[in-house]
Amino acid sequence: MALTDPSRRLQAMPPYMFAELERRIAEKRKAGIDVISLGIGDPDEPTYPHIVKAMQEAVAESANQKYPTNRGRDEFRGALSEFYGERFGVEIDPDGEVIPAIGAKECIYNLCFAFLDPDDVALASDPGYPVYTGGPILAGAEPVLLPLLPELGFGPDLGAIDPEAARRARLIFINYPNNPTGAVAPEGFFELVVSFAREHDLLVVHDNAYSETTYDGYTAPSFLATPGAKEVGVEVFSLSKGFNMTGWRCAAILGNREAIKTYWRLKTNVDSGLFEAIQLAGAAALRGPRGPIERMNETYARRRDLVVSALQEIGVSVKPPRGTIYVWAPVPDGHTSASFAELVLEQTAVVVSPGSMYGPSGEGFFRISLTTPDERISEAVERMCEHLA
Ligand SMILES: Cc1ncc(COP(=O)(O)O)c(C=O)c1O
């Protein structure tokens with residue numbers, strides 16, 4: 001083995017499939033072409049001013065500049081508990097049923113190390129956020145894909161899971177409102193997941209990254225509001241998307257007390273917790289006004305409508321999503337996800353994400369992110385109508 005060879009676990013990670021697409025984007029930009037990226041889901045608007053102000057004050061306070069604890073500040077845990085009570089009707093004990101996480105990504109990855117051994121299985125939504133498969137692989141375990149089926153409202157068919165995989169499974173990763181499909185939790189699905197977890201003795205991890213970003217009067221529930229959910233599951237709540245805080249790395253895990261203790265035990269060996277000033281700013285976000293979130297959602301809904309009508313105009317059949325910052329649409333006949341993304345780039349200099357990037361069941365779809373300013377979205381949409389119709 002050579003000096004710089006990656007570990008076998010790292011080598012087992014799937015290759016990064018879109019290096020070629022990225023190279024082509026860079027080439028176009030270098031040639032002076034105005035490329036519009038609708039690829040990445042990173043809010044373009046700034047963090048709300050009251051949160052920034054709370055951070056400015058907290059960061060200047062020397063008591064907040066020390067090592068944090070992984071247990072978290074009372075203020076942040078208290079604010080999360082209040083938020084869960086008021087927003088979701090879920091009772092959370094701030095002293096045992098919630099601790100901070102350094103972003104949902106960290107939390108999901110570390111949950112794999114906290115709960116998975118070699119030969120264990122993690123059931124992972126497909127298409128899905130890549131850490132649901134990468135985390136288990138890096139932990140030496142095996143991800144088993146749960147295809148999300150359009151005919152089930154992009155829910156998985158739990159009855160179709162291989163019994164041997166269900167027997168070996170210790171974790172199941174689900175996520176609604178869903179990235180990348182934009183689907184909201186299918187009616188009755190969370191209840192089915194609770195029964196499935198009981199039957200197979202596994203821990204549910206609900207990735208709640210998008211609950212605050214919904215449209216058309218839809219309000220996303222917490223998985224923890226499902227009867228019995230706290231006995232079998234945890235929820236990862238992130239402030240990244242709903243509060244325009246992706247760079248801050250501010251999230252939390254809530255729910256099953258014993259599972260949280262195990263995650264905490266892992267984390268005390270890995271990191272030193274979430275910067276306390278960020279926790280205080282997170283508390284200000286959770287206790288702050290809803291107005292900025294609602295205005296942001298109006299902005300996304302406007303952009304969503306622009307994108308959906310343009311896609312319909314070029315013959316793509318797509319329904320407007322009721323949640324997340326993504327439009328998920330089938331590629332036109334005769335195309336794969338990658339060939340369509342390439343065509344869009346070549347003909348319009350607009351970047352869309354090929355669905356296959358999010359897992360094999362994403363093949364045949366593409367994703368458009370709504371986190372680009374209105375005038376750029378309009379420009380992208382005009383180019384698509386002009387060149388792809
Ligand atoms: C489903 C899902 N989970 C988690 C994350 C990451 O969240 P965080 O910024 O809190 O790490 C993302 C980001 O795109 C996501 O789409």
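First listed ligand is number 1; within each ligand, the first listed atom is number 1.
- A salt bridge (Lys or Arg N to Asp or Glu O under 4.0 Å) check over residues 318-342, counting only residues at least two apart or in different chains, returns the pairs R24-E342.
- Within 4.0 Å of ligand 1, the residues that place a heavy atom are G103, A104, K105, Y129, Y132, N175, N179, D207, A209, Y210, S238, S240, K241, R249, listed by chain and number.
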Can you give the donor-acceptor pairs under 3.5 Å from side chains of residues 183-195 to other protein atoms, not counting sequence neighbours?
residue, atom, partner, partner atom, Å
S195, OG, E191, O, 3.2

- Decide salt bridge (Lys or Arg N to Asp or Glu O under 4.0 Å) for D95 and R71; before the verdict, give the C-alpha distance in whole Å, the side-chain angles of both, and the deciding distance to 0.1 Å. CA-CA 9 Å; D95 290 326; R71 189 168 174 271; 3.4 Å; yes
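- Within the structure, salt bridge (Lys or Arg N to Asp or Glu O under 4.0 Å) contacts touching residues 131-152 (residues at least two apart or in different chains) are E142-R168.
- Remark: the D42 side chain and the T246 side chain contain an N/O donor-acceptor pair separated by less than 3.5 Å.
- With a 4.5 Å cut-off on side-chain heavy atoms, Y132 and L123 do not count as touching.
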